[in-house]
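Sending over a structure as structure tokens; questions will come in a sec.
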Amino acid sequence: MKPRCVVLLSGGLDSTTVLAMARAEGFDCHALSFAYGQRHLIELEAARRAAAAIGVAGHRFAQLDLGWMGGSALTADLPVPKDALAEGDSRAIPVTYVPARNALFLCYALAWAEVLEAQDLFAGMNALDYSGYPDCRPEFVQAFAEMARLGTRAGVKGRPFRVRTPLMHLNKAEIIRAGALLGVDYGLTHSCYDPGSGSRPDRPLACGHCDSCLLRKRGFAQAGIPDPTTYV
């Protein structure tokens, strides 16, 4: 019997690569996606496509409304910064940071993993090519794993959870190359924070200028692999 895992799947480039990696390791993958009030809700259709293409044992969509509290350009009526990429070593935290989002996502994944009797949680956090988010750092992941050990029935019974972040120390080009070797079709994924008004679920349009688009374009260029994204 294959070991089970829970994979956080947004439908973006990173999380789709992580799903392919978990599947390649021989896990029975259970994908978890969130509708949290994001302006780029169209990413959930990409998550459906990625899960179907790679293959999962189950795929759940959780409703988690973060829009009412504001505080982020991804959930509130705030402009998404364009053509101003924040590098990973920057101390500035951009307005696209969603407060405590990854902590909340991982808590949901942890609860589901405990029900499934799975010990592995997979997530696409990355400490190199990211936008300066504090919840994408290894220190956060390590602290969450310790909290999971202390605060769950499985943990106190000696079955600690592993929070797996295989992309943590890869740049975007390395991530793309790794996914390509696993057969990931990046044309199925969506990364843009501010998709074009003409976007449809089957044909998302990326703005080409937000942090996520800039990182994606740079990654494909450095990897020497054609970018399948349709930009506005």
Side-chain angles (χ1 to χ4, degrees), residues 4-19 22 29-52 54 56-78 80 93-116 118 120-126 130-137 140-141 143-148 150-155 161-165 167 188-195 199 201 204 210-212:
R4 295 172 176 171
C5 73
V6 175
V7 183
L8 293 179
L9 181 65
S10 70
L13 185 154
D14 292 344
S15 67
T16 300
T17 304
V18 168
L19 175 59
C29 299
H30 295 257
L32 180 58
S33 303
F34 291 89
Y36 61 92
Q38 65 268 49
R39 67 197 303 161
H40 53 306
L41 188 64
I42 199 168
E43 72 177 359
L44 296 184
E45 292 303 320
R48 291 183 200 276
R49 294 192 297 268
I54 294 171
V56 295
H59 188 191
R60 298 297 182 92
F61 293 81
Q63 301 288 326
L64 180 61
D65 182 16
L66 302 180
W68 63 269
M69 68 180 70
S72 170
L74 300 192
T75 57
D77 188 18
L78 298 170
V80 173
I93 299 175
V95 73
T96 50
Y97 163 68
V98 180
R101 179 181 62 178
N102 284 343
L104 292 167
F105 287 2
L106 282 172
C107 281
Y108 272 63
L110 175 63
W112 195 20
E114 191 160 29
V115 171
L116 292 170
D120 293 85
L121 314 180
F122 280 83
M125 288 82 161
N126 178 268
Y130 77 122
S131 297
Y133 301 154
D135 55 358
C136 286
R137 297 173 301 149
F140 164 74
V141 174
F144 186 90
E146 177 63 7
M147 181 278 292
L150 295 172
T152 61
R153 180 173 57 190
F161 293 91
R162 293 179 289 264
V163 184
R164 307 280 299 278
T165 55
L167 310 185
L188 301 177
T189 67
H190 179 78
S191 302
C192 181
Y193 290 154
D194 193 20
S199 291
C210 67
D211 276 12
S212 188

Any side-chain heavy atom of His40 within less than 4.5 Å of one from Cys192? no
Between Leu19 and Ala51, what is the shortest heavy-atom contact and its length?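 Looks like CD2-CA, 4.1 Å.
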Mind checking side chain to side chain donor-acceptor pair (under 3.5 Å) for Gln38 and listing every partner two or more places apart, or none if nothing turns up?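 Listed in chain order: Glu43.
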Check whether any side-chain heavy atom of Leu106 sits under 4.5 Å from a side-chain heavy atom of Phe140, and report yes or no.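 Yes, side chains in contact.
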For Ala47 and Ser33, the nearest pair of non-hydrogen atoms, with its separation, is CB-OG, 3.6 Å
Who pairs with Arg48 by salt bridge (charged side-chain N to carboxylate O under 4.0 Å, His left out), at least two apart in sequence or on another chain? Glu45
Can you check whether Thr17 reaches Leu13 side chain to side chain, under 4.5 Å on heavy atoms? yes
Check side-chain contact (heavy atoms from CB on, under 4.5 Å) between Ala143 and all other residues, then give those that pass, not counting sequence neighbours. none
Candidate list Thr189, Leu167, Leu9, test side-chain contact (heavy atoms from CB on, under 4.5 Å), partner Ser15, passing option: Leu9
If the condition is side chain to side chain donor-acceptor pair (under 3.5 Å), which residues does Tyr97 pass it with, not counting sequence neighbours?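 Testing Tyr97 for side chain to side chain donor-acceptor pair (under 3.5 Å), a comparison that skips the adjacent residues, returns none.
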Is the shortest heavy-atom distance from the side chain of Thr16 to the side chain of Leu188 under 4.5 Å?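 The answer is no, as the side chains (C-beta and beyond) never meet within the 4.5 Å cut-off.
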Any residue meeting side-chain contact (heavy atoms from CB on, under 4.5 Å) with Ala111, in chain and number order, not counting sequence neighbours: none
What pairs with Val80 under side-chain contact (heavy atoms from CB on, under 4.5 Å), at least two apart in sequence or on another chain?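 Arg39, Ala73, Lys82, Thr96, Tyr193, Asp194, Cys210.
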Report the distance from atom CH2 of Trp68 to atom CG of Leu66, rounding to the nearest 0.5 Å.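 One gets 9.0 Å once the value is rounded to the nearest 0.5 Å.
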Set of salt bridge (charged side-chain N to carboxylate O under 4.0 Å, His left out) partners for Arg60, sequence neighbours left out: none
Which value, rounded to the nearest 0.5 Å, describes the distance between Leu116 atom CG and Arg4 atom CZ?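 Reported to 0.5 Å precision, the distance equals 5.5 Å.
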Rounded to the nearest 0.5 Å, what separation is found between the CZ atom of Phe61 and the CG atom of Leu44?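 Between atom CZ of Phe61 and atom CG of Leu44 there are 6.0 Å.
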Measure the shortest side-chain to side-chain distance between Tyr133 and Arg101 over non-hydrogen atoms and say whether it is less than 4.5 angstrom.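 A side-chain contact exists here, since the closest heavy-atom pair is under 4.5 Å.
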Count the heavy atoms belonging to other residues, nucleotides or ligands that lie under 6.0 Å from CG of Asp77, then report whether that count exceeds 12.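 Not more than 12 within 6.0 Å, no.
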So Tyr108 and Leu8, side chain to side chain contact (heavy atoms under 4.5 Å, CB included) or not? Walk me through it. CA-CA 10 Å; Tyr108 272 63; Leu8 293 179; over 6 Å; no
Counterpart residues, side-chain contact (heavy atoms from CB on, under 4.5 Å), relative to Ala113 (two or more places apart): Val6, Ala118, Leu121, Phe161
Nearest 0.5 Å, what's the CZ-SG distance between Phe122 and Cys29? 7.0 Å
Separation of Asp135 CG from Ile93 CD1 (nearest 0.5 Å): 9.0 Å
Distance from His59 atom NE2 to Ile54 atom CD1, nearest 0.5 Å?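 Result: 10.5 Å between the selected atoms.
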Can you name the closest pair of heavy atoms from Ser191 and Gly12 and give their distance?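 Of all heavy-atom pairs spanning Ser191 and Gly12, the closest is OG-CA, 4.3 Å.
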Going by ring-ring contact (aromatic ring centres under 6.0 Å, His included), name the residues that satisfy it together with Phe144, two or more places apart in sequence or in a different chain.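 None.
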Side-chain contact test, heavy atoms from C-beta onward, threshold under 4.5 Å: evaluate it for Met147 versus Cys107 and give yes or no.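 Answer yes - side chains close enough.
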